[in-house]
Amino acid sequence: MQKIILLLALITFNVASSQTKKKQILLVGTFHYANPGLDVAKLNNFNIMSEKSQKELEIMSDKIKKFGPDKIFVEWEFSKQADLDRFYNKNTDSLFKANKSEITQLALRTAKKLNHKKLYGMNLYTPFRYDSLMIAMEKADQKDLIAKNKLTTESFEKNHNEKINKSSLQEMMLYYNTKQAENENLQWYLEIANRAGNPDDFTGPSLVANWYKRNLYMYSLIQKLTESTDNKIMILVGAGHASIIREFIIHDPTFEIVELSTVLK
């Protein structure tokens with residue numbers, strides 16, 4: 001009788017454990033390999049097509065393959081998933097030679113090695129009214145805040161461009177997934193943007209709120225598109241998005257974060 005009770009207890013424990021097992025998320029924050037020049041900061045291009053970078057991409061994608069994500073989410077418009085599907089099914093070799101984006105060079109490369117049928121777009125674009133933010137600062141005569149914004153932007157540009165000159169691709173990727181890099185992204189929104197404008201002018205908080213809203217919507221898609229059979233997923237997004245999405249994951253009991261540094265070691 002005692003053996004039966006013990007067996008039942010073990011079965012109950014195993015069932016409970018399987019029900020509470022968290023899904024693993026490899027959250028990868030990145031700089032834009034192709035650098036379309038749409039960000040406020042003016043950043044130099046990284047030579048993603050160099051022989052060295054291409055070799056690193058092969059090694060990185062092999063290590064992510066070993067981690068084994070069941071789905072890979074990328075910063076592609078959710079409403080244009082059909083376009084992403086067509087893009088994914090193009091000739092792979094020609095894509096690697098012609099398209100510099102991180103979606104192609106890292107996410108698609110990895111997905112193909114995993115024999116995935118598709119990538120998952122989860123981006124939802126919202127306007128980023130930086131010009132309105134600056135107008136609000138000027139109207140409020142926030143000279144100190146304007147100066148601080150200029151200094152912060154210049155410092156970020158200098159830091160990034162110096163790293164490009166002396167760092168390998170993997171070193172760049174690992175840096176953009178450190179707490180230091182994530183904090184730099186968050187600090188600008190709270191320390192500068194949220195303070196912009198007169199007391200009755202909420203241009204600054206509105207910009208910050210829209211930024212959080214965009215990331216929350218993206219995270220909602222990740223939650224909805226992750227199925228019960230998916231044990232591991234990968235998310236590849238700009239480092240600014242990753243810093244906020246990380247906070248969502250930390251407070252979501254369904255998931256746990258796997259650090260890029262652990263996968264690439």
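Sequential numbering from 1 along the given sequence is applied to the chain's residues.
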(request) Would you mind reporting whether N47 and S53 have side-chain heavy atoms less than 4.5 Å apart? (result) no
(request) Mark yes or no for whether Q105, through its side chain, and N99, through its backbone, hold a donor-acceptor pair below 3.5 Å. (result) yes
(message) Would the distance check show the side chain of S243 and the main-chain N or O of G240 forming a donor-acceptor pair, the cut-off being under 3.5 Å?
(response) yes
(request) For side chain to side chain contact (heavy atoms under 4.5 Å, CB included), just list the numbers for M234 and F73, CA-CA rounded to whole Å, side-chain angles, deciding distance to a tenth of an Å, and then say yes or no. (result) CA-CA 6 Å; M234 170 182 167; F73 292 89; over 6 Å; no
(request) Say whether, by atom type as modelled, one donor and one acceptor occur between the side chain of N215 and the main chain of I245 under 3.5 angstrom. (result) no
(message) Quick check for you: to the nearest 0.5 Å, what is the distance between K232 atom NZ and I72 atom CD1?
(response) 13.0 Å
(message) Looking at E154 and K158, is any side-chain nitrogen of the basic one under 4.0 Å from a carboxylate oxygen of the acidic one?
(response) no
(message) side chain to side chain contact (heavy atoms under 4.5 Å, CB included), that's the test. Do N91 and L95 meet it? Break it down for me.
(response) CA-CA 6 Å; N91 180 275; L95 278 177; over 6 Å; no
(request) Mind listing the closest non-hydrogen atom pair of G29 and A242 along with its distance? (result) CA-CB, 3.7 Å
(request) Check for a donor-acceptor pair, side chain of S220 on one end and backbone N or O of L216 on the other, with a separation under 3.5 Å. (result) no
(message) Do I244 and Y217 sit in one hydrophobic cluster, given that two such residues count as connected whenever their side-chain heavy atoms are within less than 4.5 Å of each other, even indirectly?
(response) yes
(request) Answer yes if the side chains of N45 and Y33 hold a donor-acceptor pair under 3.5 Å, and no otherwise. (result) no
(message) Within the 4.5 Å heavy-atom criterion, are W76 and L119 side-chain neighbours or not?
(response) no
(request) Give a yes or no on whether the backbone of S168 and the side-chain of E171 come within a donor-acceptor separation of less than 3.5 Å. (result) yes
(message) Side-chain heavy atoms nearer than 4.5 Å, only ILVMFWY residues, links allowed to pass through others: does that put V263 and M173 together?
(response) yes
(message) Return the NZ to CE distance between K150 and M134, rounded to the nearest 0.5 Å.
(response) 10.5 Å
(request) Considering only NZ, NE, NH1 and NH2 on the basic side and carboxylate oxygens on the acidic side, decide whether K65 and E58 come within less than 4.0 Å. (result) no
(request) Considering non-hydrogen atoms only, spot the tightest contact between L133 and A193 and give its length. (result) CD1-O, 3.7 Å
(message) Is it the case that the side chains of D252 and Q223 hold a donor-acceptor pair, with the cut-off being a distance below 3.5 Å and no angle test?
(response) yes
(request) Would you give the length of the straight line joining atom CG of L186 to atom CD of E247, rounded to the nearest 0.5 angstrom? (result) 7.0 Å
(message) Does this structure show an ion pair linking K55 with E51, if we count only N-O contacts that are shorter than 4.0 Å?
(response) yes
(message) Under a plain distance cut-off of 3.5 Å, with no hydrogens placed, do N210 and R129 share a side-chain donor-acceptor pair?
(response) no
(message) Testing the basics here: between D201 and A136, what is the closest heavy-atom pair and its distance to 0.1 Å?
(response) OD2-CB, 3.5 Å
(message) Whether the side chain of Q81 engages the backbone of G121 through a donor-acceptor N/O pair (distance < 3.5 Å, no angle test) should be reported.
(response) yes
(request) Determine whether I257 and I222 fall in the same hydrophobic cluster, where Ile, Leu, Val, Met, Phe, Trp and Tyr are linked whenever their side-chain heavy atoms lie under 4.5 Å apart. (result) yes
(message) Atom CG of residue position D144 - does it have more than 12 heavy atoms of other residues, nucleotides or ligands inside 6.0 Å?
(response) no
(request) Indicate whether any N or O donor in one side chain lies under 3.5 Å from an N or O acceptor in the other, for N149 and W188. (result) yes
(request) Kindly state whether the ring of H241 and the ring of Y219 have centres lying under 6.0 angstrom apart. (result) no
(message) Tell me if the NZ atom of K113 is crowded by more than 12 foreign heavy atoms within 6.0 Å.
(response) yes
(message) Assigning hydrophobic clusters by single linkage (Ile, Leu, Val, Met, Phe, Trp, Tyr; side-chain heavy-atom cutoff under 4.5 Å), is I59 placed with L264?
(response) no
(request) Look up atom OG1 in T104 and atom CD in E102, then write down how far apart they are to the nearest 0.5 Å. (result) 8.5 Å
(request) Quickly, which of N161, L169, N165 forms a side-chain contact (heavy atoms from CB on, under 4.5 Å) with F46? Name it, please. (result) L169
(message) Taking the cut-offs as 6.0 angstrom to the six-membered ring centre and 45 degrees off its axis, would you call K71 and Y120 a cation-pi pair?
(response) yes
(message) So that I can tick it off, tell me whether D141 and K143 are bridged by a salt bridge, with the cut-off set at under 4.0 angstrom between side-chain N and carboxylate O.
(response) yes
(message) Parallel, tilted or perpendicular: which one describes the rings of Y189 and W211, with boundaries at 30° and 60°?
(response) parallel
(message) Assess, by modelled atom type and distance only, whether the side chains of E77 and N123 contain a donor and an acceptor separated by less than 3.5 Å.
(response) yes
(request) Hey, could you give me the CG/CE distance between L221 and M218, rounded to the nearest 0.5 Å? (result) 8.5 Å
(message) Whether the side chain of N89 engages the backbone of D85 through a donor-acceptor N/O pair (distance < 3.5 Å, no angle test) should be reported.
(response) yes
(request) Check whether any side-chain heavy atom of I233 sits under 4.5 Å from a side-chain heavy atom of Q24, and report yes or no. (result) no
(request) Mark yes or no: K112 above the aromatic ring of Y88, with NZ or CZ under 6.0 Å from the six-membered ring centre and no more than 45 degrees from the axis. (result) yes
(message) Under a 3.5 Å cutoff, is there a donor and acceptor pairing between the side chains of H160 and Y175?
(response) no
(message) Check whether S61 reaches the backbone of L57 with its side chain - one donor and one acceptor, N or O, closer than 3.5 Å.
(response) yes
(message) Check this for me: does any side-chain nitrogen of one of K23 and D230 sit under 4.0 Å from a carboxylate oxygen of the other?
(response) no
(request) Output, in order, the C-alpha distance, side-chain angles, deciding distance and verdict of side chain to side chain contact (heavy atoms under 4.5 Å, CB included) for L84 and V74. (result) CA-CA 10 Å; L84 179 56; V74 295; 4.0 Å; yes
(message) Any non-hydrogen side-chain atom of I235 less than 4.5 Å from a side-chain atom of M122?
(response) yes
(message) Would you compute the distance between atom CD1 of I103 and atom CD of E75 and round it to the nearest 0.5 angstrom?
(response) 7.0 Å
(message) With a 4.5 Å cut-off on side-chain heavy atoms, are L236 and L27 touching?
(response) no
(message) Can a side-chain donor-acceptor contact be found between S206 and T203 if the only test is distance below 3.5 angstrom?
(response) no
(request) Keeping the roles fixed (side chain from Q54, backbone from F96), state whether a donor-acceptor pair exists under 3.5 Å. (result) no
(request) Could you tell me whether the side chain of L174 reaches within less than 4.5 Å of the side chain of T178, counting heavy atoms only? (result) no
(request) Find out whether T126 and K213 are in side-chain contact, i.e. whether some heavy atom of one side chain is under 4.5 Å from a heavy atom of the other. (result) no
(message) Between E256 and I25, is there a side-chain heavy-atom distance shorter than 4.5 Å?
(response) no
(message) Hydrophobic clustering (ILVMFWY, side-chain heavy atoms < 4.5 Å, transitive) - are M60 and L114 grouped together?
(response) yes
(message) Has T262 got a side-chain atom pairing as donor or acceptor with V258's backbone, closer than 3.5 angstrom?
(response) no
